[in-house]
Protein chains: 2
Amino acid sequence: MCPVDVPLHHLGGKWKLIVCFYLLQRPCRNGELRRLIPQVRQKMLTQQLRELEASGLVQREVFDQVPPKVVYSIVDKERAALEAVVYPLCEWGIDRVGRHGGRILTTTLPTDF
Amino acid sequence: MCPVDVPLHHLGGKWKLIVCFYLLQRPCRNGELRRLIPQVRQKMLTQQLRELEASGLVQREVFDQVPPKVVYSIVDKERAALEAVVYPLCEWGIDRVGRHGGRILTTTLPTDF
DNA sequence: CAGTATCCTAGGGGATACTG
DNA sequence: CAGTATCCCCTAGGATACTG
């Protein structure tokens, strides 16, 4: 077991890091995340969010109203650690795209989506 | 497409980050990596190394001798970016283990393994 | 030592439909 | 809106054997 195993276990999965990337910018509702990540299926989104919640990285807040409202956000305590991981990843990604071509669609999140 | 997609594409796969973790410490031979990561199968190790090579992150040096000697190492140009990604991941991992229990077996690599 | 070559399976993840 | 519930596929990855 090496040090990267643990994070790998919590952040593995096809959509977790992408979800975290968006949630680090601001809390999002289910539907927002689906629009931000059009390729993800509802089933997968839910599953990955639940696993992130189980890992204590993401918190789920339910507002008791109709229509239902659920907001996901990064747990405060883990924000710093998560940023330390995700941001370098982003910078590397942006840098790579700059050198090798490709397009980054969303870097900053509109306040409402 | 969001900024983490690109790194995810290059570092995805079950063993790539672990391999990078060790190669960042020093160049390693095939057999060393196998001993460092006992669960990995030769097939997988080779595959992941080839993909890392194709991504330009790892370089493969063949010494023409018998018995064969092949050394893998991190490409200089990419070392900084890779460290920026892997180290925070490690710290987070070590921190988590400290708080939640578990064991980290290898943090620093012996000069010969 | 550093790999190919096969074969095979588990489960991650896709698609579609339905519900409080 | 924010989810379950099913069904199903496919390929990433495991196991074993062989080679220059």
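Letters go in sequence order (proteins before strands), and every chain restarts at 1. Predicted model, so just to flag it, every value in this text is computed and none were measured.
Between A/Arg60 and D/dG3, a side-chain N or O to OP1/OP2 separation shorter than 4.0 Å is present. Dashed line: the shortest gap from a side-chain N or O of A/Tyr72 to OP1 or OP2 of D/dC1 is not under 4.0 Å. A/Arg50 has no side-chain polar atom (N or O) that falls below the 4.0 Å cut-off from OP1 or OP2 of D/dA2.
Between the CE atom of A/Met44 and the C1' atom of C/dG11 there is a distance of 10 Å, given to the nearest Å. The distance between atom CD of A/Gln47 and atom P of D/dG3, rounded to the nearest whole Å, is 14 Å. Taking atom CD of residue B/Glu51 and atom C1' of nucleotide D/dG13, one finds them 11 Å apart after rounding to whole Å. If you take CD of B/Gln48 and C1' of D/dT11, they are 14 Å apart, rounded to a whole angstrom. For A/Leu49 and D/dA2, the CG to C1' distance is 11 Å, given to the nearest whole Å. Distance B/His9 NE2 to D/dA12 P: 11 Å, rounded to the nearest Å. A straight line from CD1 of B/Ile37 to P of D/dG13 spans 14 Å, rounded to a whole angstrom.
Although no hydrogens or angles enter the test, the distance criterion places no donor-acceptor pair under 3.5 Å between the side chain of B/Glu78 and the main chain of B/Val75.
Nearest heavy-atom pair, A/Cys20 versus A/Ile74, reported as atom, atom and distance to 0.1 Å: O-CD1, 4.3 Å.
With a 4.5 Å cut-off on side-chain heavy atoms, B/Glu91 and B/Arg96 do not count as touching. Side chains of A/Val70 and A/Glu61 form no contact here, defined as non-hydrogen atoms less than 4.5 Å apart. You'll find the side chain of A/Cys28 stays beyond 4.5 Å of the side chain of A/Val71, heavy atoms only. The closest side-chain heavy-atom distance from A/Leu24 to A/Tyr87 is below 4.5 Å.
When each of D/dC1, C/dA2, C/dT4 is scored by its nearest atom to the side-chain atoms of A/Pro67, the top-ranked nucleotide is D/dC1. Side-chain proximity of A/Lys14 to D/dG3, C/dG3, C/dG13: nearest is C/dG13.
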Listed pairs, N/O of protein and of nucleotides 16-20 of chain C, under 3.5 Å:
none

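Within 4.0 Å (heavy atoms only), B/Arg34 reaches no atom of the nucleic acid at all. Among the protein residues, B/Phe63 comes within range of no part of the nucleic acid, since none of its heavy atoms lies under 4.0 Å from any strand.
Between the CD1 atom in B/Ile37 and the CD1 atom in B/Ile18 there is a gap of 6.0 Å [rounded to 0.5 Å].
Base-pairing analysis of DNA chain C finds the following stems of at least three consecutive Watson-Crick or G-U pairs, with both pairing distances under 3.5 Å: C:1-20 with D:1-20.
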Which atom pairs, one a donor and one an acceptor, fall under 3.5 Å between side chains of residues 43-58 of chain B and the rest of the protein, sequence neighbours left out?
from    : atom 1 : to      : atom 2 : distance (Å)
B/Thr46 : OG1    : B/Gln42 : O      : 2.9
B/Thr46 : OG1    : B/Gln42 : NE2    : 2.8
B/Gln48 : OE1    : B/Trp15 : N      : 3.3
B/Gln48 : OE1    : B/Lys16 : N      : 3.3
B/Arg50 : NH2    : B/Tyr72 : OH     : 3.3
B/Glu51 : OE1    : B/Lys16 : NZ     : 2.6
B/Ser55 : OG     : B/His10 : ND1    : 2.7
B/Ser55 : OG     : B/Glu51 : O      : 3.1

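Both A/Val62 and A/Val19 belong to a common hydrophobic cluster when Ile, Leu, Val, Met, Phe, Trp and Tyr are linked at side-chain heavy-atom distances under 4.5 angstrom.
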